[in-house]
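Treat the numbers as computed from the prediction; the structure is a model and nothing was measured. Residue numbering restarts at 1 for every chain, and letters A, B, ... go by the order of the sequence lines.
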Amino acid sequence: MSDETKTITLTVNGESVTKLVDARTHLVDFLRGELGLTGSHLGCEHGICGACSVRLDGDVVRGCLMLAIQADGASIETVEGLTASGEVADLQENFVERDALQCGFCTPGMLITAAELLREAAPKTREEIREFLSGNYCRCTGYHAIVDAVETTLTQRLEKSS
Amino acid sequence: MKAAKFDYTKTNDVAEALSVLTAEDGDSKVLAGSQSLGPMMNLRLARPDRLIDIRALDALKAVTQAPDHLFVGALVTHAAIEDGILPDVTRGMIQHVAAGIAYRAVRNRGTIGGSLVHADPAGDWPAALRALGAQIVIDGPAGTREAAIDTFQLGAFTVALEEDEIVRGVRVPALSGSARWGYHKICRKPGEFAESIGAYVCDPESGIARLVLAATEDAPLQLDTAAAAIAQNDGAKFDLDAARMALTETGETFDPFKLRMHAVALHRAVAQAYGA
Ligand SMILES: Cc1cc2nc3c(=O)[nH]c(=O)nc-3n(C[C@H](O)[C@H](O)[C@H](O)COP(=O)(O)OP(=O)(O)OC[C@H]3O[C@@H](n4cnc5c(N)ncnc54)[C@H](O)[C@@H]3O)c2cc1C
Ligand code: FES
Ligand code: FES
């Protein structure tokens, strides 16, 4: 019952996966190392940078602060899943359009975090967008273009739905 | 970095969780949201031999309302409180505080109980719940006991909790319709740990007036004399000088920069409470 390793079964991007994991392995090491899903990045591994953001049962979480073993029975979505489903296609286009990425290291985390904000489909000020993204570090862009891309996507979605 | 090796146990039974904490040798730690313990293990500042994942303990997820308080289970997340899912007994105070903790991704996992036990001097719940005068409900081998928050946090990262005890939840006193509160957190970036926290709660109906300063190097500091005077004057005379004076009168020493910042945090918290 108390284990250093355990076999877990979870859903990753809609597919069921069963694997033996070490208790100490955090979720993103598992996704990258065991499943080859290298879209989730590791920057700080202590909750500060947001590069590791993934979705757990629909909510954005820090993938470096959750153990893979804790995801037993859960549904995980990564940037690969969000890309395949087309949920963030417009956001990705706007990232390219606005040059909202340079090295791209922060981008998956930015997309997943912004997707959470966009899901509400409620008007937001630039200030509110900045605040929502404040837990995701970007060392290249200076953030301005990222806020532009998120704001543009939100405006487009609100126009479409009205 | 990566966490060192440990054993992992998950249980949905409080008695079993307690028995794992007591019965086995080595250093056991409870795992709740992992938003403080996770970073500490990854940095190897913490190297427990065994983790007991308590996220499946339903007893610690309960939210129950009584006439004079709201019981909030230890596992209730910052995000759940932010979203206003709980009955509002504090005139919006705990919702406001929750929304200011870290980032949504952290709030989705981090818990109110974990925050209290972790007892970061700059933690938001230790400060806010101290101002509200909350009671902590604790489960141990001998049964359930209650502790006043004023005596629960002993210092930075230290609480009066035995190794074989877990926090079941916290009783948040209900404020009356005439109560006022203010909460001001100074940080350079939204969501960061605070450089200073001022918290003020006053309820004329129950006669409570509490002023708290947090994000010092120690447990939150309670300024009772100042709070009573503020309540009497409806906040009117509590300007920056008065805030500085109140801080000096505690006998604590602050460097001039910190003193200034703490005075601002207290002053703004009180001003918020009186709508100034
Ligand atoms: C990037 C980042 C920014 C943050 N910013 C802030 C901030 O601005 N303000 C703030 O207040 N916090 C902040 N936090 C901390 C966050 O609020 C944590 O959620 C909280 O401190 C701990 O809660 P947890 O549920 O994650 O506990 P865990 O990390 O799981 O546990 C913390 C400690 O408490 C013990 N514990 C947990 N639950 C119980 C229980 N029920 N009974 C007994 N022991 C228990 C554990 O054994 C451990 O020692 C931040 C965290 C991160 C990663
Ligand atoms: S790697 Fe998880 S927050 Fe930085
Ligand atoms: S694009 Fe390089 S870190 Fe953001």
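Of the two parts of Leu37(B), neither the backbone nor the side chain holds a non-hydrogen atom closer than 4.5 Å to a non-hydrogen atom of chain A. Contact annotation for Leu56(A): only side-chain heavy atoms (C-beta onward) come within less than 4.5 Å of a heavy atom of chain B. In this structure, chain A has a heavy atom under 4.5 Å from the side chain of Lys189(B), while its backbone stays farther away. Neither the backbone nor the side chain of Met40(B) comes within less than 4.5 Å of any heavy atom of chain A. Residue contact with chain A, scored on non-hydrogen atoms closer than 4.5 Å, involves the backbone of Ala4(B) exclusively. Both the backbone and the side chain of Gln70(A) come within contact range of chain B, judged by heavy atoms closer than 4.5 Å. Residue contact with chain B, scored on non-hydrogen atoms closer than 4.5 Å, is absent for Leu117(A). In this structure, the portion of Arg55(B) lying under 4.5 Å from any heavy atom of chain A is its side chain and not its backbone. Heavy atoms closer than 4.5 Å to chain A are found nowhere in Ile52(B), neither backbone nor side chain. Leu67(A) touches chain B through its side chain: at least one heavy atom from C-beta onward sits under 4.5 Å away, while N, CA, C and O do not.
Atoms CE and CD, from Met41(B) and Glu45(A) in turn, are 12.0 Å apart once rounded to the nearest 0.5 Å. For the atom pair Tyr103(B) OH and Glu116(A) CD, the distance stands at 16.0 Å (nearest 0.5 Å).
The shortest side-chain heavy-atom distance between Arg62(A) and Val106(B) falls under the 4.5 Å cut-off. Within the 4.5 Å cutoff, side-chain heavy atoms of Lys2(B) are placed close to those of Leu42(A).
Most heavy-atom pairs under 4.5 Å with chain B, from the set Val60(A), Leu65(A), Asp72(A): that is Leu65(A).
The environment of Glu128(A) atom CD is dense: over 12 non-hydrogen atoms of other residues, nucleotides or ligands sit within 6.0 angstrom. Within a 6.0 Å radius of CD in Gln156(A), more than 12 heavy atoms belonging to other residues, nucleotides or ligands are found. Counting heavy atoms of neighbouring residues, nucleotides and ligands inside a 6.0 Å radius, atom CZ of Arg130(A) exceeds 12 of them.
Interface with chain B: from residues 5-37 of chain A, residues Ala23(A), Arg24(A), His26(A), Asp29(A) qualify, criterion being any non-hydrogen pair under 4.5 Å.
Side chain of Asp59(A) to main chain of Ala105(B): no donor-acceptor pair is present (N/O by atom type, distance under 3.5 Å, no hydrogens or angles). Judged by distance alone, with hydrogens and angles left aside, the side-chain atoms of Ser34(B) form no donor-acceptor pair with the main-chain N or O of Met66(A) at under 3.5 Å. Side-chain atoms of Asn108(B) do not come within 3.5 Å of backbone N or O of Val61(A) as any donor-acceptor pair.
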Should Phe132(A) and Arg104(B) be marked as a side chain to side chain contact (heavy atoms under 4.5 Å, CB included) after you check the CA-CA gap, both sets of side-chain angles, and the distance that decides it? CA-CA 7 Å; Phe132(A) 200 84; Arg104(B) 186 68 191 185; 3.8 Å; yes

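For the residue pair Pro190(B) and Ser134(A), the shortest heavy atom distance occurs at O-OG, 3.0 Å.
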